[in-house]
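One structure is given here, and the rest of the page talks about it.
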Number of protein chains: 2
Amino acid sequence: MPTAKFSEIRDIELFEGISEDSFVALMKAAYIQNFPPNVEIITEGETSDFLHVVLTGSVELFANWSNNETTMATVWPVSSFIIAATIRSEPYLMSARTQEKSRIVMVPSADVKDVFEKDAEFAKNVVTELASCYRASIKNAKNLKLRTSKERLANYLLKTQKKSGAGQSFPLKYEKRRLASYLGMTPENLSRAFSALREHGVNVDGQIVHMENPGKLIEFAKPTHLIDE
Amino acid sequence: MPTAKFSEIRDIELFEGISEDSFVALMKAAYIQNFPPNVEIITEGETSDFLHVVLTGSVELFANWSNNETTMATVWPVSSFIIAATIRSEPYLMSARTQEKSRIVMVPSADVKDVFEKDAEFAKNVVTELASCYRASIKNAKNLKLRTSKERLANYLLKTQKKSGAGQSFPLKYEKRRLASYLGMTPENLSRAFSALREHGVNVDGQIVHMENPGKLIEFAKPTHLIDE
DNA sequence: CGGAACGTTGAGTTCGGTCAATGCATGTGG
DNA sequence: CCACATGCATTGACCGAACTCAACGTTCCG
């Protein structure tokens, strides 16, 4: 079985430093699948048969309860998702759907667990990944419990601006309705929050955000590396 | 160095199946400390010098931002806390204070990381622990984003009742103000939520909860193993 | 061209927080 | 043992944040 077609994922952090044998073992039954936009590829509650790795496109992780839905996270290339369920052989806690046309590698959970048992380097990588996801999730909870929706938006904008190169203008990476759900509010409330942030130097035109005076926004948002990286 | 005095922690899940050498290495510089109630033993933002294990008493994990404080979790014996920070050599994301008089083992982070590198069994245990904490944190986020405060309280009561033996009456394990903070609301709002749950068969007298009709409460709370275990 | 989905705005409501007053329990020092 | 202070829980009145519902304009596709 040629591992050539999996060369793109050889370099992700999760597989860094693992033996060639281990990589081959992981890929031997793995396959790449192309999904159209807006397709549900995982449903919460199902048992985890595969570890997924996004190669291109993007994937939204979301959750449902009693007629409510909320966006939990978005996965961008190249990274894996929902490894905790795989490792613990427990049901997925989140559903996943493609946001756009996406190529996704699916690695059978059994192979992941095998290699996890045999390759100490892989086990260490899994730990690093999990610890990082766990910390991100704690930060998320702090964000939700300690801040108002306006503050969450402000901090999200600062983070996004930084990631896109710290320029005055940058694009939102989400549809606004999804951003609202991710930030834990309704689309209507997001609209109003954007309006309210005008007094702190934020203007939005479609997907483009103009941030006149980051210093002013920072003063309002009070970002901290203990929540916002 | 006698490991006898650490016998209590030899049996926790995190150390299950690890070699005697590894255990000795972990305990060689570890020490047990007695804390009075209400003492802050960890402050968020500090670097993680120790892995902590609660032997007796209980520890509250909490976080602060901009004059707000919120309870994130409570740790009961015998278990460790904040292992993610230790493994990643990053600052604590939460503070910790004793809720009552508590005995706590402190294991130097350097030793934890050494053993983690050398003992594959320990590494696996760390993974299991982290995956479990991560999943708990995801559930927490779903609980916060998908439910109202009344629903969170109702589900908390059902969970607590189950853990205390499924009897009609059981004690709250928290002070009410801490429970409120843990559930993401104010003490005043918790009081009102308790009143509101009377119509679903819940009555509170001090620390004792009487649940006349669990079925009725379940109907309202709609618990699910994807959030509530 | 027409329909669907998205984003925005307004009006009204609900949920949850703030502030203040009170009662109760606990603990401390005289 | 009492007097007092302190802190927690509850209640009421009020306020503010966020949600719901509805209407409307825009954009994007079929």
Side-chain angles (χ1 to χ4, degrees), chain A residues 36-38 60 65-71 97 99-101 143-157 171-200 202-210 220-221, chain B residues 36-38 60 65-71 97 99-101 143-154 156-157 171-199 202-210 220-221:
Chain A
N38 226 33
E60 179 191 7
W65 180 80
S66 179
N67 292 327
N68 290 324
E69 177 174 317
T70 189
T71 299
R97 74 164 75 92
Q99 253 180 2
E100 16 177 349
K101 197 164 159 298
N143 198 28
L144 287 169
K145 291 182 82 176
L146 293 168
R147 288 174 172 159
T148 64
S149 60
K150 222 178 293 179
E151 289 165 341
R152 292 199 293 276
L153 174 60
N155 280 291
Y156 172 83
L157 292 176
L172 294 172
K173 298 177 307 177
Y174 295 108
E175 235 176 339
K176 285 193 187 140
R177 52 179 35 249
R178 289 193 208 284
L179 177 58
S181 177
Y182 172 67
L183 293 174
M185 52 183 166
T186 57
E188 293 94 325
N189 197 28
L190 178 66
S191 263
R192 291 173 185 125
F194 268 123
S195 307
L197 289 185
R198 254 199 298 267
E199 65 166 304
H200 302 289
V202 174
N203 284 288
V204 204
D205 181 16
Q207 287 288 103
I208 305 298
V209 180
H210 303 279
F220 168 75
Chain B
N38 226 34
E60 179 191 8
W65 180 80
S66 179
N67 291 328
N68 289 324
E69 177 174 318
T70 188
T71 299
R97 74 163 74 92
Q99 255 180 1
E100 15 176 349
K101 198 164 159 299
N143 197 28
L144 286 169
K145 291 182 82 175
L146 294 168
R147 287 175 172 159
T148 65
S149 61
K150 221 178 294 180
E151 290 165 341
R152 292 199 294 276
L153 174 60
Y156 171 82
L157 292 177
L172 294 171
K173 296 178 309 176
Y174 294 108
E175 235 177 336
K176 284 192 187 141
R177 53 178 33 247
R178 291 194 207 284
L179 176 59
S181 178
Y182 171 66
L183 293 174
M185 52 183 165
T186 57
E188 293 95 325
N189 198 26
L190 177 65
S191 263
R192 288 171 186 126
F194 268 123
S195 308
L197 289 186
R198 255 199 297 267
E199 65 167 303
V202 174
N203 283 88
V204 204
D205 180 17
Q207 287 288 103
I208 306 298
V209 179
H210 303 278
F220 168 75

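A, B, ... follow the sequence lines: proteins, then strands. Residue 1 opens every chain. Note that this is a predicted model, so its numbers are computed, not measured.
- We find that A:E69 and A:R97 are joined by a salt bridge, their nearest charged nitrogen and carboxylate oxygen being less than 4.0 Å apart.
- B:R147 has its CZ atom 14 Å from the P atom of C:dG16, to the nearest Å.
- Listed in residue order, the members of residues 184-192 of chain B having a heavy atom less than 4.0 Å from DNA chain D are B:E188, B:S191, B:R192.
- Atom NZ of A:K145 sits in a crowded spot, with more than 12 heavy atoms from other residues, nucleotides or ligands closer than 6.0 Å.
- To the nearest angstrom, P of C:dC6 lies 16 Å from CG of A:L172.
- Computed from coordinates, the B:L144 CG to C:dG16 P distance equals 12 Å when rounded to whole Å.
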For nucleotides 26-29 of chain C, which of its nitrogen or oxygen atoms have a protein nitrogen or oxygen under 3.5 Å away, and what is each distance?
none

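- For the pair A:R198 (side chain) and A:N203 (backbone), a donor-acceptor distance under 3.5 Å is absent.
- Nearest heavy atom pair, residue B:A196 against residue B:K150, reads CB-CD, 3.7 Å.
- Heavy-atom contacts of chain A under 4.0 Å fall on DNA chain D between two terminal nucleotides, which in 5' to 3' order are D:dA18 to D:dC21.
- In this structure, CG of A:L179 is placed 14 Å from P of C:dC6, rounded to the nearest angstrom.
- Taking atom NZ of A:K176 as the reference point, atom C1' of C:dA5 lies 14 Å away to the nearest angstrom.
- What you find for A:A154 and A:A221 is that their closest heavy atoms are CB-CB, 3.7 Å.
- With sequence neighbours excluded, the residues that form a ring-ring contact (aromatic ring centres under 6.0 Å, His included) with A:F220 are A:H200.
- Classification of the A:Y156-A:Y174 ring pair by plane angle, with boundaries at 30° and 60°, yields tilted.
- Applying the ring-ring contact (aromatic ring centres under 6.0 Å, His included) criterion to A:F194, with sequence neighbours excluded, gives no partner residue.
- Per the geometry, CZ belonging to A:R178 stands 11 Å off C1' belonging to C:dA5, to the nearest Å.
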**Asked** Is there a side chain to side chain contact (heavy atoms under 4.5 Å, CB included) between A:L153 and A:M185 once you walk through the steps?
**Response** CA-CA 10 Å; A:L153 174 60; A:M185 52 183 166; 4.2 Å; yes

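- Shown here are the side-chain hydrogen bond (donor to acceptor under 3.5 Å, both in side chains) partners of B:E175, two or more places apart in sequence or in another chain: B:R178.
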**Message:** Quick one, B:L157 with B:L197, criterion side chain to side chain contact (heavy atoms under 4.5 Å, CB included). Give me CA distance, side-chain angles, the key distance, then yes/no.
**Reply:** CA-CA 10 Å; B:L157 292 177; B:L197 289 186; 3.9 Å; yes

